[in-house]
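Below you'll find the structure, written out as structure tokens, and then a few comments.
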Protein chains: 2
Amino acid sequence: MLYLFCSIKFVNKTVNKIRQWTQNINFQYITTMTKHQNNKEMAILEAARNEFLEKGYDGARITSIAKSAGVTHAMLHYYFKTKEQLFTGIFDDFIHQVVGNMTELFNDSDKPFIQQVEDAVSVHFDFIKENPQIPLFVIREIATHPERIELIKDSVASTIGGFFGTVQKGIDQARINGEICDIDAINLLFDVLSLNAFTFLARPIFFAVFGRLTADDSVFIELRKQEILKTIHKRLAI
Amino acid sequence: MLYLFCSIKFVNKTVNKIRQWTQNINFQYITTMTKHQNNKEMAILEAARNEFLEKGYDGARITSIAKSAGVTHAMLHYYFKTKEQLFTGIFDDFIHQVVGNMTELFNDSDKPFIQQVEDAVSVHFDFIKENPQIPLFVIREIATHPERIELIKDSVASTIGGFFGTVQKGIDQARINGEICDIDAINLLFDVLSLNAFTFLARPIFFAVFGRLTADDSVFIELRKQEILKTIHKRLAI
DNA sequence: AAAAATATTAACAATTTTGTTAGAATTTTC
DNA sequence: GAAAATTCTAACAAAATTGTTAATATTTTT
């Protein structure tokens, strides 16, 4: 769960031992932290995750996070030097979770390509359904602080790049087999991402306006999923 | 442009004359403000609009707005009592702009329904292209402050409700004519909104990751538009 | 031109928010 | 069990942020 991320406390500890402190130590190459090794630190991370997801960086409050975690805010500054640093770790974590989920969507199988795509759409939809705040979180933070994406650009680009290549190969082969019509990988994936993510981006507004018309939140979400599967299916069909 | 909105100064002025001050005076029924009537007030509104669009309510700063507008922040509090009040006016304005644009998408014509839809998709896409920050702005503010939608819920719901009815009638008739396949208005409009809005929601991320692959921002945007038109067309085709 | 209304400024103030520090308490290491 | 490292607390502090106020300048009305 926690990629590229460990606390200042952990770095300090490590550094005390190995005596190699630098300000910009590369977190990636330090052994990842054992979970539940430290209750308070984990409580802070959990609280910070929720606070940042819900309110974004600008709306989040260090004191509010500390209160949720059941610690003083001085404690929070002890484990994580600044708000920015606490945020960066959590942000990187989400980015890798999103990218990781995407790149695992296609698993080699003998199924027809159109079926593989539908499976991927379904898995992706369910992932966002389980993590409905992530799309807005990522979009909002990149939009308000564009410089943040620089930190992860290269690592993400290569991962995603390979993934797009895989999908494009699948498309090319399916085209040769006469299974699908013409489309390129980027547009197909952008369509899927748009339809799936926007369902949950717009949900609060939709239910504020149309709540009285629809029986139930989950009923509408399931209807959207079926509609998206149909839309993508028809987009690929010859 | 400015719906349901006038400044405290203007209300004060009006109230001084008509001697009918109440705290919750209904702005809607006060004569709308003449543009350019007051340079400083307009400069504040313009600056606030940009600041809120760019940074959201939580990230926006009264002093920053005042500086952009070339006035002291005391001046800003003179025209608009609080940050919240300044924001509310601008927010309402955006909501009505978005809803207004949507409800004007379908104009009665003799064209085949599928062509009417494609025209609407194109107009809607271009609207967001001209106002690319609005979708994130609205989604973000509703997500972080859900109570705000209550202020406009009823007025918006009825407007949108009527619009959905119009679209549904068009669908029903086109179905009878054998022009399109089965779909309901809400899903169709949600599809269009998803594909169009997400293009611009994801653009900063997309270009951070894939910028090097694509020649130009505007080229990609145009490609997306064509892809969306194709996707909606195939979704409706029998 | 006098009076009234409106616009503007500068200084002040309350609160929030992030961050620090010195020292005490606890745990770990030797 | 002594020394060292660490965890933790309470109080402090600096800066940012929103908002107020009293006095002054300007414009509008009569």
Side-chain angles (χ1 to χ4, degrees), chain A residues 6-21 23 33-34 36-45 47-48 51-52 55-90 145, chain B residues 6-21 30 33-34 36-45 47-48 51-52 55-90 145:
Chain A
C6 60
S7 70
I8 268 294
K9 180 219 70 179
F10 185 73
V11 174
N12 283 335
K13 208 195 280 182
T14 307
V15 163
N16 277 336
K17 283 178 190 152
I18 63 177
R19 310 276 165 198
Q20 288 185 341
W21 169 263
Q23 194 61 39
M33 216 171 65
T34 315
H36 302 298
Q37 199 175 21
N38 183 311
N39 281 336
K40 296 217 171 177
E41 188 170 359
M42 278 303 166
I44 291 168
L45 279 173
E51 177 92 357
F52 283 131
K55 302 179 185 169
Y57 183 85
D58 292 328
R61 293 289 170 260
I62 286 291
T63 44
S64 170
I65 294 170
K67 199 178 173 189
S68 296
V71 303
T72 63
H73 78 280
M75 210 59 240
L76 196 147
H77 284 291
Y78 172 68
Y79 283 110
F80 308 91
K81 201 114 195 76
T82 62
K83 182 185 180 184
E84 180 67 31
Q85 192 180 316
L86 176 57
F87 176 83
T88 302
I90 288 168
H145 303 275
Chain B
C6 60
S7 71
I8 269 292
K9 179 221 71 177
F10 185 73
V11 173
N12 284 335
K13 206 195 282 182
T14 308
V15 162
N16 277 336
K17 282 180 190 149
I18 62 176
R19 309 275 166 199
Q20 288 186 339
W21 169 264
I30 298 180
M33 216 171 66
T34 315
H36 302 297
Q37 198 175 22
N38 184 310
N39 280 335
K40 296 217 172 177
E41 188 171 358
M42 278 303 164
I44 291 168
L45 278 173
E51 177 92 357
F52 284 131
K55 303 179 184 169
Y57 183 86
D58 292 329
R61 294 289 172 261
I62 286 290
T63 45
S64 170
I65 294 170
K67 199 178 171 189
S68 295
V71 302
T72 64
H73 79 280
M75 211 58 241
L76 196 146
H77 283 291
Y78 173 68
Y79 283 111
F80 308 92
K81 201 117 195 75
T82 63
K83 182 184 179 184
E84 180 68 32
Q85 191 181 316
L86 176 57
F87 175 83
T88 303
I90 288 169
H145 304 274

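The sequence lines fix the lettering, A, B, ..., with proteins before strands; numbering per chain opens at 1.
Side-chain atoms of Lys40(B) do not come within 3.5 Å of backbone N or O of Ala69(B) as any donor-acceptor pair.
Counting to the nearest Å, the P atom of dT18(C) and the NZ atom of Lys67(A) are 14 Å from each other. Rounded to a whole Å, the CZ atom of Phe80(B) is 15 Å from the P atom of dT20(D). In this structure, the CD1 atom of Ile65(A) is 12 Å from the C1' atom of dT18(C), given to the nearest Å. A straight line from CD of Gln85(A) to P of dT18(C) spans 15 Å, rounded to a whole angstrom. Between the P atom of dT17(C) and the CD atom of Glu51(A) lies a distance of 10 Å, rounded to the nearest Å. In this entry the distance linking CG of Leu76(A) with P of dT9(D) reads 13 Å, nearest Å. For the pair Lys40(A) NZ and dT27(C) C1', the interatomic distance rounds to 14 Å; values are reported in whole Å. Atom pair Met42(B):CE and dA7(C):P shows a separation of 13 Å (rounding to whole Å applied).
Distances shorter than 4.0 Å separate some side-chain N or O of Tyr78(B) from OP1 or OP2 on dA7(C).
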Look for any protein N or O under 3.5 Å of an N or O in nucleotides 15-19 of chain D and output each such pair with its distance, or none.
from, atom 1, to, atom 2, distance (Å)
dT17(D), OP1, Arg61(B), NE, 2.6
dT17(D), O5', Arg61(B), NE, 3.2
dT18(D), OP1, Lys83(B), NZ, 3.3
dT18(D), OP2, Ile62(B), N, 3.1
dG19(D), OP2, Lys83(B), N, 2.9
dG19(D), N7, His73(B), NE2, 3.2
dG19(D), O6, His73(B), NE2, 2.8

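Closest of all the heavy-atom pairs between Leu45(A) and Ile90(A) is O-CD1, 4.0 Å.
In this structure, His145(A) and Tyr57(A) have perpendicular ring planes: the angle between them is above 60°, well past the 30° mark.
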CA sep, side-chain torsions, deciding dist, call: Met75(A), Thr72(A), side-chain contact (heavy atoms from CB on, under 4.5 Å): CA-CA 5 Å; Met75(A) 210 59 240; Thr72(A) 63; 3.6 Å; yes

Full working for side-chain contact (heavy atoms from CB on, under 4.5 Å) between Ile65(A) and Lys83(A): CA-CA 10 Å; Ile65(A) 294 170; Lys83(A) 182 185 180 184; over 6 Å; no

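Under the salt bridge (Lys or Arg N to Asp or Glu O under 4.0 Å) criterion, Lys55(B) pairs with Glu51(B), sequence neighbours left out.
In this structure, the nucleotide among dT9(C), dC8(D), dA11(D) sitting nearest to the side chain of Ala74(A) is dA11(D).
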